Protein chains: 2
Amino acid sequence: MTETASRPTLEAVAARAGVSRATASRVVNGGDGVREPLVERVRQAVEELGYVPNQAARSLVTRRHDAIAVVIAEPETRVFADPFFGLQLRGISKELTAHDSQLVLLLTEGRDDHSRVGRYLAGGHVDGALVFSLHLDDPLPDLVRRAGVPTVFGGRPGWGDGNRDAVYVDSDNRGGARAAVRHLVALGRTRIAHITGPLDQTSAADRLDGFRDVMPATDPRLIAESDFTPAGGEHAMRELLERCPDLDAVFAANDLTASGALRVLRERGRRVPEDVAVVGFDDMLPVAEQTEPPLTTVRQDIEEMGRLMARLLLSDLDPSARRGPAGAPSGLVLPTTLVRRASA
Amino acid sequence: MTETASRPTLEAVAARAGVSRATASRVVNGGDGVREPLVERVRQAVEELGYVPNQAARSLVTRRHDAIAVVIAEPETRVFADPFFGLQLRGISKELTAHDSQLVLLLTEGRDDHSRVGRYLAGGHVDGALVFSLHLDDPLPDLVRRAGVPTVFGGRPGWGDGNRDAVYVDSDNRGGARAAVRHLVALGRTRIAHITGPLDQTSAADRLDGFRDVMPATDPRLIAESDFTPAGGEHAMRELLERCPDLDAVFAANDLTASGALRVLRERGRRVPEDVAVVGFDDMLPVAEQTEPPLTTVRQDIEEMGRLMARLLLSDLDPSARRGPAGAPSGLVLPTTLVRRASA
DNA sequence: GCACCGGATGAGAGCGCTCTCCGAACCCGT
DNA sequence: ACGGGTTCGGAGAGCGCTCTCATCCGGTGC
């Protein structure tokens, strides 16, 4: 115990158990085809020596790494201003843990950093990748595809080039938007405005589509493009009030935007929800619960989304559960639910 | 190019460059002691073949992994409700990238999961660890120490057992709290209350200490223990108003708590900041900027904290820059700054 | 009782890399 | 030109593991 020596090897375990390295290996890897008494002896040796397999040596021969990369590409610092990724990571982590896989986190640092990620993925250091690519013009999906690593995307990637058969998990942005707007309609609102997110992101585009599904003939002046930020929400709200002073509801593409809109409405003396009903999207708790009044919004199960991505990837990697090349479900969409608070 | 064959090995590079594997290796690892023309030839071969070193093979012999673990131990889902860890991760990632190291993320799933992390760290899969352990009674620091992996802590760990010489990076919670309270004093406030965080976390304890530094003789009824949540803040604020209706300022241990307090103050008709001035802590943007009124608070440079942790760990690992065993700075405390908004 | 069979075990060959020798080549001074 | 010192480059031994194969065992059918 006092020895600073290196960790025990399989060899040592085998010696202690009085078996060959091969048998020891078999036991360590599940023990199939080894008779019980031997299994027991090896197990005990492992225990006594505190043996932990050397992953590097193992990878060298198996070419598996029991590790997957999580790539988060977001130039903005904004990324972590919201709990979104954190929750996804949590979901991913849970699933990976259950499969004894490790999570290698790759954050791209600015626009030029993509090649580093590409090189890493192509380098075969991980068994697969979960990629969060939010922008339509993001070079990342392409890069990843070329790296030839099994990949699952978080959020529907833009339909560039070869992304049509990309595997992804997304929440039902469109359906959620529909639910939100229908809720406003049910409230008797007729002049319903929409503050969009940046439309180069599929989530924002899908939410806009959902809005249009319910309000196909809406006055274009009731739609203001924005950027998912509170400041953007304020700006858009001012614009909308100017263009359409008679609006009686706002569906904001996310909670941050909604909070900005709320502020402007208050400032202009419009009561919420009496004069103007407001619905957000995301159910970003620290925001949605703290607005004045608390925000009615659309919740997505973000952690579940992460978990699902991981599960999908892992099943993709597991040869024993290989899905047919055809008919593979390439997109998985999680339901969203409306959370009623005070704002609508 | 069409071949699905495995990636090129050093052997292949060497062959193509017309040198031995050893020389190729030397070039790949910096090229010291190899003459220019050969270096060039090898570089070119690497380029042409798209050679990427097999990290597993390399680790097997060097016993380095160029990877560090980031351990985040937080039983609550709360963790990612705030951008704190995200920003730290960003800082850490930046620093690691600059050193060609990878980031392996380990999230503990509940109380019983510590042993898994301990095993992983002890397993020698990573070169070092950055550990976020927020609770005084957290078993993690102990575990990590026993795993014998070089470690830097994020946030001052509790002074349990052998933690006295733990290396950590923290922000100046105490100093920040002092600044916050001094600001309130400068505003002429005399009945200043403090809503604490959970006092089993060093950050909360340190902030309380800072409060006491400035208000040593404060009425104990002006201190309410809470839990860093908005709901907790509401509860504490109600309690405080009941006990001390004449209070004219509140220093909340974090922004979430402050937002809850703000809501109660508004509900009770106290004007902020006229009747009661409020200061928070963290400068958690989505919250602090959105409260009504916007929150005066204490900002900490979280990303820098992450970066510093990584730098510290890496320099610890780098034998060429080995610091003396004695006199090693074990704690690094980053400054905090007061951000004035409208609430105080 | 003997050839035969199937399953459990061991021997050994690598996986791709680094790094320690060593020999070869080259520099200088004389 | 030649010896002594310096580099530079190559050969080869592993790092710890998995996995194929050969081996060996006990049992079965005739």
Side-chain angles (χ1 to χ4, degrees), chain A residues 5-43 45-46 49-67 100 120 122-127 319-320, chain B residues 5-43 45-46 49-67 100 120 122-127 319-320:
Chain A
S6 55
R7 301 180 302 118
T9 69
L10 231 209
E11 188 76 54
V13 172
R16 182 170 195 111
V19 299
S20 73
R21 211 171 53 241
T23 299
S25 173
R26 280 190 270 263
V27 172
V28 167
N29 292 289
D32 298 341
V34 178
R35 252 172 312 212
E36 194 44 44
L38 279 201
V39 171
E40 203 36 59
R41 255 164 53 208
V42 174
R43 289 251 160 82
V46 165
L49 262 39
Y51 170 75
V52 182
N54 180 322
Q55 182 62 37
R58 180 179 274 175
S59 293
L60 186 55
V61 29
T62 60
R63 274 115 200 294
R64 280 185 311 100
H65 300 86
D66 294 323
D100 281 318
Y120 182 77
H125 301 298
V126 291
D127 301 327
S320 71
Chain B
S6 56
R7 302 181 300 117
T9 69
L10 231 208
E11 188 75 53
V13 171
R16 182 171 196 111
V19 299
S20 75
R21 213 171 55 240
T23 299
S25 173
R26 280 192 268 264
V27 172
V28 168
N29 292 291
D32 298 340
V34 178
R35 251 171 314 207
E36 193 45 43
L38 278 200
V39 171
E40 202 38 57
R41 258 167 48 212
V42 174
R43 289 250 160 83
V46 166
L49 262 40
Y51 170 75
V52 181
N54 180 322
Q55 182 61 38
R58 180 179 275 174
S59 293
L60 186 54
V61 28
T62 59
R63 275 114 200 296
R64 281 184 312 102
H65 300 85
D66 294 324
D100 280 317
Y120 182 76
H125 301 298
V126 291
D127 302 326
S320 71

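Quick caveat, the model's predicted, so the values are computed rather than measured. Sequence lines set the chain letters: A, B, ... in the order given, protein chains first and strands last, and positions in each chain run from 1.
- The nearest whole Å value for the distance from the NE2 atom in H65(A) to the C1' atom in dG16(D) is 15 Å.
- A donor-acceptor pair is defined here as one N or O able to donate and one able to accept, closer than 3.5 Å; such a pair exists between the side chain of D127(A) and the backbone of H65(A).
- Toward the 5' end of DNA chain C, the nearer of the two residues Q55(B) and L38(A), judged by each one's closest nucleotide, is L38(A).
- The CZ-P distance, from R64(A) to dC15(C), rounds to 18 Å in whole Å.
- Side-chain contact check for L38(A) versus V27(A): every heavy-atom pair is 4.5 Å or farther apart.
- Position along DNA chain D of the nearest nucleotide to R21(B) versus L60(A) favours R21(B) as the more 5'-ward residue.
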V13(A) vs L49(A), side chain to side chain contact (heavy atoms under 4.5 Å, CB included): CA-CA, chis, key distance, verdict: CA-CA 7 Å; V13(A) 172; L49(A) 262 39; 4.1 Å; yes
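- Of the two residues contacting DNA chain D, namely G18(B) and A57(B), the nearest-nucleotide position lying further toward the 5' end is that of G18(B).
- Taking the side chain of T23(B) as heavy atoms from C-beta on, and the options dT18(C), dC17(D), dG10(D), the nearest nucleotide is dG10(D).
- Listed pair R35(A) / dT9(C) meets the phosphate criterion, a side-chain N or O lying under 4.0 Å from OP1 or OP2.
- Contact between the side-chain N/O atoms of T62(B) and the OP1/OP2 oxygens of dT18(C) is not found at any separation under 4.0 Å.
- Rounded to an integer number of Å, the gap from CG of D66(B) to P of dC17(C) is 14 Å.
- The side chain of R7(A) places no N or O atom within less than 4.0 Å of a non-bridging phosphate oxygen (OP1 or OP2) of dG16(D).
- We find that CG of D32(A) is positioned 14 Å from C1' of dT18(D), with the value rounded to whole Å.
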Might you work through the side chain to side chain contact (heavy atoms under 4.5 Å, CB included) test for V28(B) and R58(B), ending with a clear yes or no? CA-CA 12 Å; V28(B) 168; R58(B) 180 179 275 174; 3.7 Å; yes
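- Close to dT18(D), at under 4.0 Å from its OP1 or OP2, lies a side-chain N or O of N29(A).
- Between S20(A) and dG10(C) there is a side-chain N or O to OP1 or OP2 distance below 4.0 Å.
- When rounded to the nearest whole Å, the span between CG of N54(A) and C1' of dT18(D) equals 13 Å.
- Distances were taken from every side-chain heavy atom of R58(B) (C-beta onward) to each of dC17(C), dC17(D), dG10(C); the shortest belongs to dC17(C).
- A straight line from CD of E36(A) to C1' of dT9(C) spans 16 Å, rounded to a whole angstrom.
- The distance between atom CZ of R26(A) and atom P of dG12(C), rounded to the nearest whole Å, is 15 Å.
- Across dG9(D), dC19(C), dC17(D), the shortest atom-to-atom separation from the side chain of V61(B) is found for dC19(C).
- Using a distance-only test at 3.5 Å, with no hydrogens or angles considered, no donor-acceptor pair links the side chain of R21(A) to the main chain of L10(A).
- In this model, no side-chain donor or acceptor of R63(B) finds a partner on the base of dG16(D) within 3.5 Å.
- For the pair S25(A) and dC17(D), the criterion of a side-chain N or O lying under 4.0 Å from OP1 or OP2 is not met.
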